[in-house]
Amino acid sequence: YSKNEKHTCSEEVPRYISVDEFTSILSYVRENGSLRDELIIRLMYQCGLRIGEVLGLTADDVVNEKLPDGSYSKIAYIRNRLTDAKCQHAKSCMKIVSKEQYNTPEYNTKDDGYQFVILPDDLYDLINTYIEEEHSAIRENDTKAQRYYKNTIADRTRPENDYEDDNYYIFVNSIGTPLSVGSWNDILRKIFSSVGISVDIQTKENGLNHRFRHGFAMFNIQYLNVKEVELARLLRHRSVNSVLIYYRPTTSDKIKLKTEFANSLYEIIQMLRKWQNWSWKKAKKL
């Protein structure tokens, strides 16, 4: 068998973050990173957010909202604002070119002007902890506070008299300005490298951040047996066909599926396992 053993020099770049990989990433971030880093990867992996949607979140968007039945649900609203940088745009929401759009029916209509995802209770609490700790510290630093109030304040999309304080982008960098996708990608590459996840340096075909959203989709497919229609809703896609691109199994996935198929076949057609007892000489005579 050793003569037939083959090795490949090419390393498969994963299209999605598996459960084991996510566990490794989370362990590394908790040991070496920050609460901000954990929140970003969890919003992408647990909630299926795109990186632009994460970076564009403001304090106004993360709410504990009262529902018609009287219960409460933690929600993250996804929408675009005129103050957004390019890297903070929400891909599937209305593009904003003037503040007047905030008052239009389209902007205030679900799936046209905004979308939303349900947040786990602990993730909602951690976001508020991060805001309280990080934003308070920046505001108390005179140098950082100047940059903060100049760059981090975001438009409000509802009447000003509903609020007492300024709105602001949630995720900030060390100098008090909104975290950019470039800075975040540098952090993420270091995380991937540290836990042994390949980075597609040459072609950049497999987006670093999109692997988390892809992992969200694959988790729902593999572990929760979610069907295409429901997956489209969870991913906030309008078309069912658009979610099919997310089912792109790795080589390991394919091997597992084929092994499971073979085992099932042996269970159903048990005669396949009886070749040991078959007499080939007897079969020849027949």
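Since the structure is predicted, the reported quantities are computational estimates derived from the model, not experimental observations. Atom set for the values below is all heavy atoms of this structure, side chains included, hydrogens, waters and symmetry mates excluded.
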Residues [X], [Y]: salt bridge by 4.0 Å N-O rule:
{"X": "D61", "Y": "R81", "value": "yes"}
{"X": "R236", "Y": "E53", "value": "yes"}
{"X": "E38", "Y": "R30", "value": "yes"}
{"X": "D122", "Y": "R42", "value": "yes"}

- Give the intermediate values and the outcome of side-chain hydrogen bond (donor to acceptor under 3.5 Å, both in side chains) for residues Y148 and N141. CA-CA 10 Å; Y148 177 87; N141 182 301; over 6 Å; no
- Message: Looking at every non-hydrogen atom in both residues, tell me the closest pair between I127 and L119 and how far apart they are.
- Response: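 Minimum heavy-atom contact is CD1-CD1, 4.3 Å.
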- Show the numbers, then the answer: is there a salt bridge (charged side-chain N to carboxylate O under 4.0 Å, His left out) between E230 and K227? CA-CA 6 Å; E230 180 65 11; K227 304 304 180 186; over 6 Å; no
- Task: For the residue pair F219 and Y223, categorise the inter-ring angle as parallel (less than 30°), tilted (30 to 60°) or perpendicular (more than 60°).
- Result: parallel
For the atom pair [atom1] ([X]) and [atom2] ([Y]), what is the distance rounded to the nearest 0.5 Å?
{"X": "I191", "Y": "I197", "atom1": "CD1", "atom2": "CD1", "result": "9.5 Å"}
{"X": "T177", "Y": "N151", "atom1": "OG1", "atom2": "CG", "result": "6.0 Å"}
{"X": "D60", "Y": "Y168", "atom1": "CG", "atom2": "OH", "result": "8.5 Å"}
{"X": "N209", "Y": "I40", "atom1": "CG", "atom2": "CD1", "result": "8.5 Å"}
{"X": "Q101", "Y": "E106", "atom1": "CD", "atom2": "CD", "result": "9.0 Å"}
{"X": "I175", "Y": "T143", "atom1": "CD1", "atom2": "OG1", "result": "11.0 Å"}

Quick check: do [X] and [Y] have side-chain heavy atoms less than 4.5 Å from each other?
{"X": "R213", "Y": "M44", "value": "no"}
{"X": "E134", "Y": "R36", "value": "no"}
{"X": "N167", "Y": "T58", "value": "yes"}

- Message: Please tell me whether Y77 and E65 have a donor and an acceptor in their side chains that are separated by less than 3.5 angstrom.
- Response: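 Judged by distance alone, the side chains do pair up.
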- Would you tell me whether S180 and S183 have side-chain atoms, one donor and one acceptor, within less than 3.5 Å of each other? yes
- Same apolar cluster (I L V M F W Y, side chains within < 4.5 Å links), F216/I78: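 Linked, F216 and I78 end up in one cluster.
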- Less than 6.0 Å separating the ring centroids of Y130 and F171?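 Yes: the rings meet the under 6.0 Å criterion.
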